[in-house]
Amino acid sequence: MSTQALIEANDRLTTKQRYQSFIEQTRKSQQVWTLSDEQGCLIIETGDEKVLLLWSEQALAEHWASKDHSNFKALAISLSDLTDKWLPGMANDGFDLAVAPSFAGEGTIVSPLDLADELSSGKIK
């Protein structure tokens with residue numbers, strides 16, 4: 001699938017469908033993508049929450065960054081690093097995750113431990 005076709009297909013999905021697709025794709029590819037620059041990862045504040053953005057595809061992360069965060073680059077994180085290091089650390093630091101946000105900024109907010117559960121259990125809540 002071309003990058004443009006992937007972006008268009010993703011944009012047609014509901015927030016819940018994007019989340020389910022993220023879980024499925026992440027299990028297959030064994031990696032996720034976030035955005036980072038020389039200062040570190042992009043963290044978005046949504047009122048009371050601080051969230052790290054995650055996508056299942058590099059092209060989706062880069063497309064999202066192109067809107068307001070063009071200085072950020074896609075960063076691959078292996079699934080094992082995500083579940084063993086990133087998610088426990090984020091839980092300890094009080095961060096949440098915005099999973100598969102659309103270009104409009106709509107995504108599923110989930111706690112790190114809930115995401116770890118869903119990625120390992122095979123069940124989507």
Quiz item: Distance from I44 atom CD1 to K50 atom NZ, nearest 0.5 Å?
Solution: 12.0 Å

Practice problem: Only one of V32, T108, L60 passes side-chain contact (heavy atoms from CB on, under 4.5 Å) with F22; say which it is. | Solution: V32

Quiz item: Just by modelled atom types, is the D84 backbone N or O under 3.5 Å from a matching donor or acceptor in the D81 side chain?
Solution: no

Exercise. Before giving the answer on side-chain contact (heavy atoms from CB on, under 4.5 Å), spell out for L115 and I23 the whole-Å C-alpha distance, their side-chain angles and the decisive distance to 0.1 Å.
Key: CA-CA 9 Å; L115 182 62; I23 297 294; 3.7 Å; yes

Practice problem: Please examine the side chains of C41 and F95, heavy atoms only from C-beta on, and report whether any two atoms are closer than 4.5 Å. | Solution: no

Practice problem: State, to 0.1 Å, how close R27 and E118 come at their nearest heavy-atom pair, and which atoms those are. | Solution: NH2-O, 2.5 Å

Practice problem: Would you check if T26 and L54 make a side-chain contact, meaning some heavy-atom pair closer than 4.5 Å? | Solution: no

Exercise. Flag yes if L53 and I7 sit in one hydrophobic cluster, no otherwise; membership is Ile, Leu, Val, Met, Phe, Trp, Tyr, and two members link when side-chain heavy atoms are under 4.5 Å apart.
Key: yes

Exercise. Give me the ring orientation class for H69 and W64: parallel if the planes are under 30° apart, tilted from 30 to 60°, perpendicular past 60°.
Key: parallel

Quiz item: To the nearest 0.5 Å, what is the distance between CG (L97) and CG (L87)?
Solution: 6.0 Å

Quiz item: Quick one: does I43's side chain get under 4.5 Å of L52's, heavy atoms only?
Solution: yes

Exercise. Please report the C-alpha distance between Y19 and V110 in whole Å, then the side-chain angles of each, then the deciding distance to 0.1 Å, and finally whether the side-chain contact (heavy atoms from CB on, under 4.5 Å) criterion is met.
Key: CA-CA 10 Å; Y19 184 77; V110 63; 3.9 Å; yes

Quiz item: Taking atom OG1 of T15 and atom CD of E106, what is their separation to the nearest 0.5 Å?
Solution: 5.0 Å

Self-check item: S29 side, atom OG; Q58 side, atom CD - distance, nearest 0.5 Å
Solution: 11.5 Å

Practice problem: Apply the test side-chain contact (heavy atoms from CB on, under 4.5 Å) to residues T46 and D96: give CA-CA distance (whole Å), side-chain angles for both, the deciding distance (0.1 Å), then the verdict. | Solution: CA-CA 10 Å; T46 62; D96 284 319; over 6 Å; no

Quiz item: When rounded to the nearest 0.5 angstrom, what distance separates OG1 in T3 from NE2 in H63?
Solution: 11.0 Å

Quiz item: Taking atom types as modelled and ignoring hydrogens, do the side chains of Q20 and E24 form a donor-acceptor contact shorter than 3.5 angstrom?
Solution: no

